[in-house]
Engineer: 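Sharing a structure here in structure tokens format.
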Amino acid sequence: MALASGVRFAERALLRPWALLRGTTLGRTEPAAGGGGDGARRFGSQRVLVEPDAASGVAVMKLRNPPVNALSLELLTELVISLEKLENDKTFRGVILTSDCPRVFCAGLDLTEICGRNPAHCAEYWKAMQELWLRTYLSSLVLVAAINGACPAGGCIIALSCDCRVLADNPKYRIGLNETLLGIIAPFWLKDTYVNTIGHRASEQALQLGSLFPPAEALQVGLVDQVVPEDQVQSTALSEMARWLAVPDHARQLTKNMMRKATADRLLRQRDADTQNFVSFVCRDSIQKSLQAYLEKLRQRKG
Ligand SMILES: CCCCCCCCCCC/C=C/C(=O)SCCNC(=O)CCNC(=O)[C@H](O)C(C)(C)COP(=O)(O)OP(=O)(O)OC[C@H]1O[C@@H](n2cnc3c(N)ncnc32)[C@H](O)[C@@H]1OP(=O)(O)O
């Protein structure tokens with residue numbers, strides 16, 4: 001997507017979010033299969049499908065950026081806008097976040113967005129990543145992640161930003177922050193999110209080792225709240241949602257804010273410096289070589 005450079009992503013997203021979606025179809029509304037009234041209409045964009053149920057106040061948001069839901073700039077943008085749209089519609093109190101791609105929830109950062117790209121592009125990309133994290137982490141909605149596939153790195157961060165996580169019981173669906181194995185370092189706000197979820201010692205170990213946990217271990221360490229057979233992920237996510245929605249919104253929202261604000265504020269205070277750090281780090285020759293080699297390995301693994 002060719003975006004004018006030099007203008008901050010967040011400013012543009014807040015002022016004219018639709019302008020970011022050149023070449024996408026966000027806002028399109030179409031009847032859901034077998035659906036009838038407004039509550040069954042779905043909307044969304046090319047890469048984010050939203051199935052709203054006005055009656056229950058819950059929307060299912062599906063990532064569909066095949067083959068692996070890598071977080072491209074377009075996907076990040078569309079996620080932020082879809083979430084904002086639901087936040088602004090008082091009909092909705094909860095969102096179930098899941099994948100429309102088989103076997104993968106989200107493969108994390110789209111490495112092609114930071115490999116062989118210029119610093120301006122990397123900066124724009126990183127600002128979009130920050131924006132998505134801030135929006136999800138502080139969302140007033142109840143967010144439940146229905147993790148129906150592999151969930152490494154940036155995928156794990158999206159899941160950790162939700163209020164609750166349900167993981168399908170499949171040994172291939174591993175979850176965790178594996179950045180060190182790519183030769184990169186999770187920034188402080190990813191680390192903080194990890195620590196807030198599984199505690200300091202477990203994070204220290206898992207972050208350094210780049211651990212990707214299979215379901216039983218993910219449950220044991222507290223990375224996910226439930227592990228269920230694959231065909232029960234959605235229904236369990238809905239049951240969890242009902243449990244969270246049974247709490248009065250204002251009390252739950254204020255409590256969420258109390259628990260998360262300090263972590264988010266830490267990034268808000270130094271967002272530009274964090275972007276600078278990211279750009280200067282990923283643009284180093286040595287890091288570019290590591291990323292290139294990792295991408296190459298992924299591509300060859302397939303054959
Ligand atoms: C002090 C300074 C501080 C600054 C800090 C800077 C560092 C910032 C760190 C930011 C934190 C976040 C980091 C990340 O998210 S990095 C991405 C990590 N992701 C991974 O390691 C996952 C890699 N992918 C996989 O393991 C598998 O693809 C997966 C298990 C997800 C699915 O396996 P499957 O067998 O189903 O699919 P394939 O492996 O065959 O993949 C299909 C094609 O997709 C391409 N692919 C996969 N992952 C990515 C990706 N993340 N980005 C881009 N492309 C990806 C893969 O190459 C295949 O492509 P081809 O079809 O062309 O072969």
Side-chain angles (χ1 to χ4, degrees), residues 47 63-76 79 99-117 119 121-133 136-137 147-161 167-168 170-194 203 206-215 218 266-267 270-284 286-303:
R47 299 165 192 86
L63 278 62
R64 55 167 178 195
N65 193 23
V68 293
N69 282 331
L71 295 166
S72 63
L73 185 55
E74 288 89 349
L75 176 58
L76 291 172
L79 277 168
S99 167
D100 200 43
C101 295
R103 298 179 305 280
V104 184
F105 177 75
C106 169
L109 298 196
D110 184 339
L111 296 170
T112 65
E113 296 276 12
I114 56 172
C115 206
R117 301 296 195 119
H121 182 84
C122 292
E124 175 163 44
Y125 180 68
W126 194 241
K127 284 174 191 171
M129 188 70 205
Q130 292 171 336
E131 185 67 21
L132 178 65
W133 178 74
T136 50
Y137 200 62
I147 310 168
N148 51 351
C151 192
C156 175
I157 278 303
I158 291 181
L160 291 183
S161 306
L167 174 61
N170 181 324
K172 289 187 176 158
Y173 297 173
R174 296 187 303 156
I175 178 168
L177 298 182
N178 61 332
E179 279 78 358
T180 52
L181 300 183
L182 284 72
I184 58 179
I185 304 155
F188 68 87
W189 44 281
L190 266 69
K191 180 268 295 174
D192 290 346
T193 311
Y194 221 31
S203 299
L207 273 173
Q208 288 191 53
L209 294 171
S211 308
L212 287 173
F213 297 94
R266 213 177 149 207
L267 173 61
Q270 43 187 322
R271 207 167 165 176
D272 289 342
D274 181 66
T275 305
Q276 292 297 324
N277 276 345
F278 174 78
V279 173
S280 58
F281 184 81
V282 297
C283 290
R284 282 184 204 167
S286 58
I287 301 302
Q288 283 292 312
K289 280 192 187 123
S290 297
L291 292 173
Q292 191 63 52
Y294 188 74
L295 257 175
E296 217 37 63
K297 209 168 86 182
L298 279 176
R299 285 169 181 152
Q300 279 166 8
R301 205 175 59 135
K302 199 174 164 189

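Quick caveat: nothing in here was measured; it's all calculated off a predicted structure. First listed ligand is number 1; within each ligand, the first listed atom is number 1.
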Engineer: Do you know the tightest heavy-atom contact between Q288 and I114?
Structural biologist: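 Scanning both residues completely, I find the closest heavy atoms to be NE2-O, 2.8 Å.
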Engineer: Check L71 against ligand 1 and report side chain, backbone, both or neither, counting heavy atoms closer than 4.0 Å.
Structural biologist: neither
Engineer: To the nearest 0.5 Å, how far apart are CD1 in I184 and OH in Y294?
Structural biologist: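 Rounded to the nearest 0.5 Å, the CD1-OH separation comes to 9.0 Å.
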Engineer: Is any side-chain N of the basic residue among K289 and E296 closer than 4.0 Å to the acidic one's carboxylate O?
Structural biologist: no
Engineer: CG/L181 to OG/S290 distance, rounded to the nearest 0.5 angstrom?
Structural biologist: 11.5 Å
Engineer: Report the part of V68 in contact with ligand 1, treating N, CA, C, O as backbone and CB onward as side chain, heavy atoms under 4.0 Å; options are side chain, backbone, both, neither.
Structural biologist: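 Just the side chain.
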Engineer: Any atoms of ligand 1 less than 4.0 Å from a non-hydrogen atom of P152? List them with their elements.
Structural biologist: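 What qualifies from ligand 1 is 22 (C).
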Engineer: Flag Y294 as yes when one of its N or O atoms lies below 3.5 Å from any N or O atom of ligand 1, and as no otherwise.
Structural biologist: yes
Engineer: Output yes when the distance from some N or O of ligand 1 to some N or O of L295 is under 3.5 Å, and no in every other case.
Structural biologist: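 In this structure, L295 places no N or O atom under 3.5 Å from an N or O of ligand 1.
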Engineer: How many angstroms lie between atom CG of L71 and atom SG of C106, to the nearest 0.5 angstrom?
Structural biologist: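 The CG atom of L71 sits 3.5 Å away from the SG atom of C106.
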Engineer: Find all atoms of ligand 1 within a distance of less than 4.0 Å from any non-hydrogen atom belonging to G108, and give their numbers and elements.
Structural biologist: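 Counting atoms of ligand 1 from 1, those under 4.0 Å from G108 are 15 (O).
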Engineer: Side chain or backbone of W126 under 4.0 Å from ligand 1, or both, or neither, by non-hydrogen atoms?
Structural biologist: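 The answer is the side chain of W126.
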Engineer: Give the ring-plane orientation class for W126 versus W189, where under 30° counts as parallel, over 60° as perpendicular and anything between as tilted.
Structural biologist: tilted
Engineer: Does ligand 1 have a heavy atom under 4.0 Å from the side chain of L182, from its backbone, from both, or from neither?
Structural biologist: side chain
Engineer: Quick check: I184 and ligand 1, any N/O pair under 3.5 Å apart?
Structural biologist: no
Engineer: CZ of R64 to CG of N69: how many Å apart, nearest 0.5 Å?
Structural biologist: 10.5 Å
Engineer: Which atoms form the tightest heavy-atom contact between L73 and E113, and what is the distance?
Structural biologist: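 Result for this residue pair: N-OE2, 2.8 Å.
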Engineer: Decide whether an N or O pair under 3.5 Å exists between L109 and ligand 1.
Structural biologist: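 Yes - when backbone and side-chain N and O of L109 are compared with those of ligand 1, one distance drops under 3.5 Å.
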Engineer: Atom OH of Y173 and atom CG of N148: how far apart are they, to the nearest 0.5 Å?
Structural biologist: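 It comes to 7.0 Å.
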Engineer: Is there a polar contact, in the sense of an N or O pair closer than 3.5 Å, between N178 and ligand 1?
Structural biologist: yes
Engineer: Give the single entry among A107, A153, P67 that approaches atom 19 (N) of ligand 1 most closely by any heavy atom.
Structural biologist: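 Among A107, A153, P67, the closest heavy atom to atom 19 (N) of ligand 1 comes from A107.
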Engineer: Does any N/O atom on G154 come nearer than 3.5 Å to any N/O atom on ligand 1?
Structural biologist: yes
Engineer: Minimum distance, heavy atoms only, to atom 34 (P) of ligand 1: which one of R301, R174, Q276, M129 is it?
Structural biologist: R301
Engineer: Just jot down the ligand 1 atoms closer than 4.0 angstrom to any heavy atom of D110, in number order.
Structural biologist: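 Contacts of ligand 1 toward D110, numbered from 1: 52 (N), 53 (C).
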Engineer: On a heavy-atom basis, which atom in A70 and which in N65 lie closest, and how many Å separate them?
Structural biologist: O-ND2, 2.9 Å
Engineer: Which distance, rounded to the nearest 0.5 Å, do you find between the CG of L109 and the OG1 of T112?
Structural biologist: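 Atom-to-atom, L109:CG and T112:OG1 are 10.5 Å apart.
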Engineer: Quick one: which ligand 1 atoms are inside 4.0 Å of a heavy atom on L190?
Structural biologist: 11 (C)
Engineer: Measure the distances from the heavy atoms of R103 to every atom of ligand 1 and state whether one is below 4.0 angstrom.
Structural biologist: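 For ligand 1, residue contact (heavy atoms, under 4.0 Å) with R103 is absent.
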